[in-house]
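What follows is a single structure, written as structure tokens, with notes after it.
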Amino acid sequence: MTIEKADLAVIGAGPAGLAAAEEISRLGGRVVVLDEAPVPGGRLPGQIHPEPGMLAFVRPRWSNGAERAQVLYQKALKAGAKILCGLSAWAVLPGWFVGASQADPSLLRRDVPTGFEAKAVLLATGAVQKPLPMPGWTLPGVITAGAAQTLINVHRVLPGRRVAVIGIEPLALSTAHLMAAAGIHVLGVVLPPSNHFIDVPVTPKKALKNLGVAVSPNFFKSFDRTEKVMSLFSSLAAKVYPVHGVKFGGFPLMPLRAAQVIKPRPPGKEVEIVSLAPNGMIRPNSAERWQVDAVVTSAGLHPLVELAQTAGCPLAYVDDLGGWVPVHSPEMETPLPGLFVAGSITGIEGSEVAEAQGRLAAINIAGCLGFLKQGSLEYKLGSAHKEVEAARAQAFPFMPRLRRGRRILSHLWAKHRDHFPDLNP
Amino acid sequence: MFDTLRLTVHPVLGRRPAIRRTVRIMINEWATEAFEGESLAAALWSKGIVALRHDEKTMSPRGMYCGIGHCFECRVTVDGVNDVRACITPVREGMRVTLPGGNGAEGRGK
């Protein structure tokens, strides 16, 4: 049993955690970063895909997250941060204490600390794919889009030779695009069945509207107007869109078809596909069966907040940000003194925004720990804020109403200050 | 090493390094190889092994789902230790993996 001491414990070695670790280390703070994955970078190494957006299928711009992960990792190391991979944080307790254990319990090691005492904790745990529960979703060979990206980009293993993609949203489309480019026969990207557990679009009209809004937010001057235009457009598009799909980026996008059941059919799986009317009604006698090796599902992402819960941090459900998020200030502090958040745990956004948020959080933490003087602190916070906004303006809007979500959270933060005065001495 | 699901040319990263170190692993009774540094789940997947355990309640087969260690569906037994998440555990020399029957590993390499 060894307990290590640090000024700051960072949980998650993704873009937010690594950027924050670099900043604090550079200011002279002792930082330890832990991550349960065997390599640093969080989701970055798996993110080699065409950037989603209007020209994604015409002139794709491929992002290389693996390269960015290496740059961030080397910079944090050079600044003096200690980065421990293969270590799971299982609790974060006020005071602050982080309980940790080996991610691989079969590995016999004695040099691994079992916990960390720190003056502050930064939760940069990121996000996880929402499950897509439907008949057959637990069959081996049915994986999330994120798992498919990791298989292809990190391990260079194909999910299968013939693959069906269920779920029509940005992550599903960029994964389908990647798979087609890797030589996989993508039979189609289709809607999930309609049930109470799925909160991605299940009707052709809604799917087309969301896609239209996602590729052109604020295109018609304001978000509300874009939504209205896309609503009209999608009613029309759902009527004229070919049932058998249109091919983009090497795969057919089929918003008028939906998967109903996945069944085992050795050596692979069989997916039952039906055709839909624009409002989502199943067309009679339209069932078809696809024989595939693997099924990739995607229902979007939600913030990974369990550790904030173990710490007792108040959470808020903000749909526009992807679900439950820790209540936090625009400067990334939570109502618990010494507990900070950055990256997708605060709402689903891209890696560039996460990195900028990590640096913003670090400056606030540096101020709280006394590594920055008041005058320079305010100036630095101001410019770090601008960096976050600049990254946000460039980024693909995974959550189209993200800005509204951020505003809701600012209001909540202001309210929390009054409701929990004891948390804010 | 011949695994049917290995990607030879990645659309962005190109050809994989010509020399990649391998480690020897045991999958039940089957002595085989995997690439150093890759996850156990990826190594098994490349050999066509996707069913990793049976659900304790329903006995239905399960395999990797989320791929980031969150869903715990890919738990396997490694060197006699239960509940090792295959998706975030790198392969290592001499690793022994125990899988339940009906996963495609039987009779391989004999």
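Note on naming: letters A, B, ... go to the chains in the order of the sequence lines (proteins, then strands), and numbering restarts at 1 for each one.
- Within the model, atoms CD1 of I88(B) and OG of S88(A) stand 5.5 Å from one another, a figure rounded to the nearest 0.5 Å.
- Of the two parts of R75(B), neither the backbone nor the side chain holds a non-hydrogen atom closer than 4.5 Å to a non-hydrogen atom of chain A.
- Of the atoms belonging to N82(B), it is backbone heavy atoms, and not side-chain ones, that fall under 4.5 Å from chain A.
- Distance check: T138(A) OG1 to E73(B) CD gives 7.0 Å after rounding to the nearest 0.5 Å.
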Verdict with reasoning, I48(A) to L13(B), per side chain to side chain contact (heavy atoms under 4.5 Å, CB included): CA-CA 9 Å; I48(A) 302 171; L13(B) 304 173; 3.7 Å; yes
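- Most heavy-atom pairs under 4.5 Å with chain A, from the set G67(B), A42(B), A41(B): that is A42(B).
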Verdict with supporting geometry, H70(B) and E306(A), side chain to side chain donor-acceptor pair (under 3.5 Å): CA-CA 11 Å; H70(B) 192 255; E306(A) 291 101 323; 2.8 Å; yes
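- Most heavy-atom pairs under 4.5 Å with chain B: of the set L139(A), T150(A), V142(A), this distinction falls to V142(A).
- S39(B) touches chain A through backbone and side chain together, each having a heavy atom under 4.5 Å away.
- Note that the CD atom of Q102(A) and the OG1 atom of T89(B) stand 10.0 Å from one another [nearest 0.5 Å].
- Within 6.0 Å of CZ in R96(B) there are 12 or fewer heavy atoms belonging to other residues, nucleotides or ligands.
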Atom pairs and distances, donor-acceptor, side-chain atoms in residues 294-305 of chain A, under 3.5 Å, two or more places apart:
residue: S298(A); atom: OG; partner: Q129(A); partner atom: NE2; Å: 3.3
residue: S298(A); atom: OG; partner: E169(A); partner atom: OE2; Å: 2.6

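- The candidate with the highest count of non-hydrogen atom pairs below 4.5 Å against chain A, out of S60(B), A43(B), P61(B), is P61(B).
- Interatomic distance, L5(B) CG to D293(A) CG, rounded to the nearest 0.5 Å: 7.0 Å.
- Contacts between residues 151-158 of chain A and chain B, counted as heavy-atom pairs separated by less than 4.5 Å, involve L151(A), I152(A), N153(A), H155(A), R156(A), V157(A), L158(A).
- Per-residue heavy-atom pair counts under 4.5 Å with chain B were compared for A147(A), G42(A), A66(A), and the maximum is reached by A147(A).
- A side-chain donor-acceptor contact under 3.5 Å links S106(A) and R92(B).
- Rounded to the nearest 0.5 angstrom, R85(B) CZ and D104(A) CG are separated by 9.5 Å.
- In terms of heavy-atom proximity, P11(B) sits nearest to L178(A) at CG-CD1, 4.3 Å.
- Among A145(A), G146(A), P159(A), G183(A), the residue with the largest count of heavy-atom pairs under 4.5 Å with chain B is P159(A).
- Proximity to chain B (any heavy atom under 4.5 Å) is shown, for P131(A), by both the backbone and the side chain.
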